[in-house]
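Notes follow the structure.
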Protein chains: 2
Amino acid sequence: MDQNETDAPKPALTGSARAVFRQLVEGGPSTRPHIGSSLSLSRPTMSAAIAELERPQYVEMIGAVRGALGRSAAQYRVGSGAGHVIAVDAGSTHVRLRVSTLDRRLLTSRVLRLPVSQISMNEEVSRAVAAEVAAAQAAMRPSWGPLRAMGLALPTRVVGPTGDVASTRQEIVFSAFTPPPGVALVLENNVNCAAVAEQHYGAARGAQSFAYVQVGLKIGMGLVLGEQLVRGRNGAAGEIGHLSFPFAPGASPQPGEAEHYLGTEAFMARVRADWPEAAGDAPADTAELLAIAGSGHVEALRHVARHALDIGAVIATCVSVVDPGLVVLGGGLGASPLLLPGVAEAANRLSYPVEIRNTLLGADATVLGIERLAIEAAMAVLLGDEA
Amino acid sequence: MDQNETDAPKPALTGSARAVFRQLVEGGPSTRPHIGSSLSLSRPTMSAAIAELERPQYVEMIGAVRGALGRSAAQYRVGSGAGHVIAVDAGSTHVRLRVSTLDRRLLTSRVLRLPVSQISMNEEVSRAVAAEVAAAQAAMRPSWGPLRAMGLALPTRVVGPTGDVASTRQEIVFSAFTPPPGVALVLENNVNCAAVAEQHYGAARGAQSFAYVQVGLKIGMGLVLGEQLVRGRNGAAGEIGHLSFPFAPGASPQPGEAEHYLGTEAFMARVRADWPEAAGDAPADTAELLAIAGSGHVEALRHVARHALDIGAVIATCVSVVDPGLVVLGGGLGASPLLLPGVAEAANRLSYPVEIRNTLLGADATVLGIERLAIEAAMAVLLGDEA
DNA sequence: TTTGTTAGTTAGGCTGCCTAACACAAAAAG
DNA sequence: CTTTTTGTGTTAGGCAGCCTAACTAACAAA
């Protein structure tokens, strides 16, 4: 795994070179003096670092930038030697794939709509992933450099190799798909991925802690506390669909009932059951419900408000446990601004102050998140785990 | 605050010296070769580090240890120049105080039983804290070195200076007590302190993540995820007494009701209401209830089991949110091994696998935790914040 | 007393950063 | 056109903080 013939034999970079590389990966192309000042490195140190990074083509010069005065500054970006990553969102309705450089320049992307909505991970999805990855690899060009890492976002709980892998369905992705050998592989839950994406590129940018709550077919949460994604011992952190319900004196709570009560299915069933004949045909799905609610339909608005209150109550529960200060709503229902005020009102009334925001990334959140995690894995490979 | 006449003027230690100092603070007295090998420092580097640390008396030699063969090794410990810390647990029934060196050698300790159980922070407690601290400072001896930090564990929510201080009652401690000027001051919630103590010295030693759940007069949780204490934006992480309740279809949840339902008061009220005449007088308090349950009283056992189930349900909620993998039970009721099996059964049935353990530290947990936090603050002062 | 083993010091080297001073490029001033 | 000004990049040399190698010191067993 380590002595691949295309790999440079462990460059063992100096600290400043690593810092410069990280800066280019995270901040995108930049000039030498700019990087130097932002990392407070002296010009000689910058020279040495750049020279070190240019040898294995980890970085490359892409031109010169003229300021108002004085000599123009050389601009650099991550080079082909740094390689690329493949990120796959193996979702229940789509398979989304992105191939990108470590500084997130998109090399290819693919979206496959699955023939039937697969409620959970199964072999059908695995085959789709295999096909998409094969297609992406066939399109690979030498200028992309070596494949450094591959990330897979799964709609299942994900546990590390030390955990109880058997109890999750995470292994099913590999029933028809074999990941490229000798490449770092990252598995992560799709909601956690979306949280990571919102953290770095979306509605939670700059927040130290927050919760991403996905409200759609199922309900789930991704938790970031102190800039760290919280996974949990069983990969179950944020599995708020698994909350037991009801929780009241005398009632006997059932595990996992929250999902059944708060998921789209049950919600729409309640809407249909409670839809007055006078109001016309009940909406067929949540999209339609949201559409007519958005145009002022009172009956629809009432149901949306009621659901917002339920979601708000669940969020209040999470706030009382971890007090994240910020919640980003995503998913089919959560992305709608119609839900937001009701959720915010209920959550704040029932618990401690929380700001509630809508997602900024929508359906792309998951791929972008797993891409980020794959890039982090690639960096660990290139720079050698520490920090 | 920085140029106190008793303070050494910023020694600016080298990295290895800091590592050695930290090792002595955390691991207690040790020999030079032992520290060197455990930090993988060469003998010359060790020499330099020790010399550096002996100058300001941060460490001192306390003897020589003879191995089976060869020259004896010099043994060192944290010296008087490192100073000491004061840790105070301003609890609702007791004020507990510890004065200790940075390597946790106890210099004095005091325990004051408050005349009446103060349900919350008030001026009475503040006066008691002032008196105890004054007594401790009067007993101070020159060999203790300078006071480096002081920690205060409070039975309130605690927020940092950036937070909304007014909404907590944390400022009330200072109504009759003025902390020593120019000394780092650490405030922390008492349950969080207990969690920190269990993390380092108690039932959660070695666990990366866990929740400490205090079950007593009130119910609260301290959360440690990835070895980091989770405080929350409003200092409200772990405020599970504030969970809204009931949570069921049609019911309207009330904020903070969980505390009323799960606290000792309400619990004992239910016990009394449901106590059959044939079973004799109902127990007066939880201690008595636990005592007769422990000796096999079926009626008492039934109530304990019922309460264990309720606690287990709350823990299951927490597990579905953060999945800590381990829960340590503490507090008046939680410390009892009678509760444990019922809690473990319910929590595991309703959520994901969690190990449940009893506290190992009991009533001392909180002081030990705030002591630890004060020591960490003192280290930050001595070594200059980083890492 | 000798020998073997471990503890600690001294001498000297290497790495990774720094500052100072100089060479280079490009616009502005003469 | 030079010349000046200003910012970019390189070369030379220094210093902190670690290392290895080799020596001295202390102690037990032969």
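Throughout, protein chains are lettered first and strands after them, A, B, ... in sequence-line order, and every chain is numbered starting at 1. Computed from a predicted structure; not experimentally measured.
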Donor-acceptor pair under 3.5 Å, B:Arg71 side chain vs C:dT6 base: no
Summary of salt bridge (charged side-chain N to carboxylate O under 4.0 Å, His left out) pairs that have at least one residue in residues 61-78 of chain A, sequence neighbours excluded: A:Glu60-A:Arg77
Test item: A:Ile86 and A:Gln137 side chains (from C-beta on) under 4.5 Å apart, heavy atoms: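 Of all side-chain heavy-atom pairs linking A:Gln137 with A:Ile86, at least one is under 4.5 Å.
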So which nucleotide from [options] ends up closest to the side chain of [X]?
X: B:Arg66; options: D:dA28, C:dA11, C:dA28; value: D:dA28
X: A:Pro33; options: D:dA28, D:dG9, C:dT19; value: D:dG9
X: B:Leu69; options: C:dC18, C:dT5, D:dG9; value: C:dT5

5'-most by nearest nucleotide on DNA chain C - A:Arg43 or A:Ala68: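 Going by which nucleotide is closer to the 5' end, it is A:Arg43.
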5' priority, DNA chain C, between A:Ser42 and B:Ala48 [closest heavy atom]: B:Ala48
With a cut-off of less than 4.0 Å, is there a side-chain N or O of [X] near OP1 or OP2 of [N]?
X: B:Thr45; N: D:dC18; value: no
X: B:Ser16; N: D:dG17; value: no
X: A:Ser72; N: C:dA26; value: yes
X: A:Arg32; N: D:dG9; value: yes
X: B:Thr14; N: D:dC18; value: yes

Rounded distance in Å - [atom1] ([X]) to [atom2] ([N]):
X: A:Leu13; N: C:dT15; atom1: CG; atom2: P; value: 15 Å
X: B:Leu41; N: C:dA7; atom1: CG; atom2: C1'; value: 16 Å
X: A:Tyr76; N: D:dT8; atom1: OH; atom2: C1'; value: 11 Å

Side chain to side chain contact (heavy atoms under 4.5 Å, CB included), paired with A:Arg372, selected from A:Arg104, A:Gln199, A:His200: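 Considering A:Arg104, A:Gln199, A:His200, a side chain to side chain contact (heavy atoms under 4.5 Å, CB included) with A:Arg372 is found only for A:His200.
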Side-chain donor or acceptor of A:Glu52 paired with backbone N/O of A:Thr14 under 3.5 Å: yes
